[in-house]
Amino acid sequence: MIAFVSGTVAALAPDVAVVEVGGVGMAVQCTPNTLSTLRVGQPARLATSLVVREDSLTLYGFADDDERQTFELLQTASGVGPRLAQAMLAVHTPDALRRAVATADEKALVAVPGIGKKGAQKLLLDLKDRLGAPVGAATAASPVTAGWHDQLHAALIGLGYATREADEAVAAVTPAAEAAEGTPQVGALLKAALQTLNRAR
């Protein structure tokens with residue numbers, strides 16, 4: 001198992017970071033939240049989980065060991081593969097997921113693309129005794145602080161967009177972000193911003 005990769009970020013894409021390790025570029029699948037913390041040309045250390053299939057080897061990367069462990073625990077539930085586990089972590093922090101399971105918050109799981117009402121109910125049962133209790137305060141459930149504008153802008157710059165393009169993309173998603181309940185998720189906003197940039201090109 002590859003427990004982590006550490007090296008210079010060689011390239012960034014909407015769902016992949018390429019980290020140069022000993023002259024080899026390692027492609028690591030990451031959530032938008034994790035990608036938003038990386039910069040091309042800067043050093044990075046990502047906790048990783050290697051998923052082996054008959055026809056592929058896929059390396060998933062995370063901001064810390066807690067995310068990686070949660071990613072692996074989520075896959076012990078019936079019907080949860082690496083892609084769905086990563087989607088869950090793109091929407092919720094590990095502690096937010098622990099809290100959702102501990103409080104049987106079906107709505108929180110349905111917020112994840114690919115999980116419906118019945119799927120959420122089944123996951124709550126499957127994960128009940130696996131994720132453990134939340135460790136942070138209730139206000140820590142959201143991974144995004146009030147400075148989501150700056151985080152989103154920095155993530156777009158990190159992906160190689162010009163300052164003007166990043167400004168326009170942030171402006172485009174701001175109305176929807178401010179209309180949403182609670183604190184906006186940088187991961188979801190990054191996806192929306194990338195869609196607006198792709199349409200503009």
Side-chain angles (χ1 to χ4, degrees), residues 3-5 12 14-17 28-39 44-49 51 59-77 80-115 119-121 123-156 158-159 173 176-178 180-194:
F4 69 90
V5 296
L12 292 170
D15 58 356
V16 176
V28 187
Q29 298 280 331
C30 301
T31 65
N33 288 335
T34 299
L35 288 169
S36 71
T37 67
L38 306 177
R39 300 288 178 272
R45 184 185 189 280
L46 296 171
T48 56
S49 179
V51 176
L59 198 60
Y60 288 85
F62 310 93
D64 54 40
D65 291 333
D66 187 25
E67 270 195 9
R68 180 189 59 203
Q69 185 176 19
T70 302
F71 171 79
E72 292 171 349
L73 286 172
L74 289 171
Q75 292 177 76
T76 64
V80 178
R83 288 188 180 278
L84 183 56
Q86 190 178 48
M88 294 171 76
L89 286 166
V91 175
H92 299 294
T93 63
D95 215 42
L97 285 170
R98 286 190 284 265
R99 185 170 294 104
V101 172
T103 60
D105 187 353
E106 187 180 300
K107 188 179 293 186
L109 295 186
V110 172
V112 178
I115 299 180
Q121 293 171 342
L123 282 172
L124 288 173
L125 290 173
D126 284 355
L127 295 171
K128 186 175 181 181
D129 299 316
R130 301 185 189 185
L131 289 187
V135 295
T139 54
S142 172
V144 182
T145 65
W148 65 265
H149 294 86
D150 293 337
Q151 291 185 39
L152 179 59
H153 192 275
L156 291 167
L159 288 172
V173 301
E178 292 180 345
E181 292 183 11
T183 307
Q185 297 273 347
V186 167
L189 292 174
L190 180 57
K191 288 180 182 178
L194 289 171

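Keep in mind that the numbers below use all heavy atoms, side chains included, and drop hydrogens, waters and symmetry copies.
Put simply, the side chain of D105 does not reach to within 4.5 Å of the side chain of R99, judged on heavy atoms. Using a 4.5 Å heavy-atom cutoff, the side chains of L89 and L97 are in contact. Two residues are said to be in side-chain contact when any heavy atoms from C-beta on lie closer than 4.5 Å; L59 and L46 fail this criterion. Proximity of P94 to L131: side-chain heavy atoms (C-beta onward) are nowhere separated by under 4.5 Å.
Take S36 and apply the side chain to side chain donor-acceptor pair (under 3.5 Å) test, not counting sequence neighbours, and it matches no residue. Partners of Q29 according to the side chain to side chain donor-acceptor pair (under 3.5 Å) rule, which considers only residues two or more places apart in sequence or in another chain, do not exist here. Listed by chain and residue number, Y60, F62 satisfy the ring pair (Phe, Tyr, Trp, His ring centres under 6.0 Å) test with F71 (two or more places apart in sequence, or in another chain). Listed by chain and residue number, R130 satisfy the side chain to side chain donor-acceptor pair (under 3.5 Å) test with T76 (two or more places apart in sequence, or in another chain). E72 meets the side chain to side chain donor-acceptor pair (under 3.5 Å) test with S49; sequence neighbours excluded. Qualifying side chain to side chain contact (heavy atoms under 4.5 Å, CB included) partners for A120, counting only residues two or more places apart in sequence or in other chains: E106, L109, V110, I115.
Closest approach of L35 and P14 over heavy atoms only: CD1-O, 3.1 Å. Across every non-hydrogen atom of L123 and A77, the tightest pair is CD2-CB, 3.9 Å. Counting all heavy atoms, side chain and backbone alike, P134 lies closest to D95 at CA-OD1, 3.2 Å. Of all heavy-atom pairs between A90 and N33, the closest is O-ND2, 3.5 Å. Between L190 and P32, the shortest heavy-atom distance links the atoms CD2-CB, 3.7 Å.
Enclosure of atom CD in Q69 is not indicated, since only 12 or fewer non-hydrogen atoms of other residues, nucleotides or ligands lie within 6.0 angstrom.
The line from CG of D15 to OG1 of T34 is 12.0 Å long, rounded to the nearest 0.5 Å.
Legend: salt bridge (charged side-chain N to carboxylate O under 4.0 Å, His left out) pairs involving residues 59-69, not counting sequence neighbours, sorted by first then second residue: D65-R68, D66-R98.
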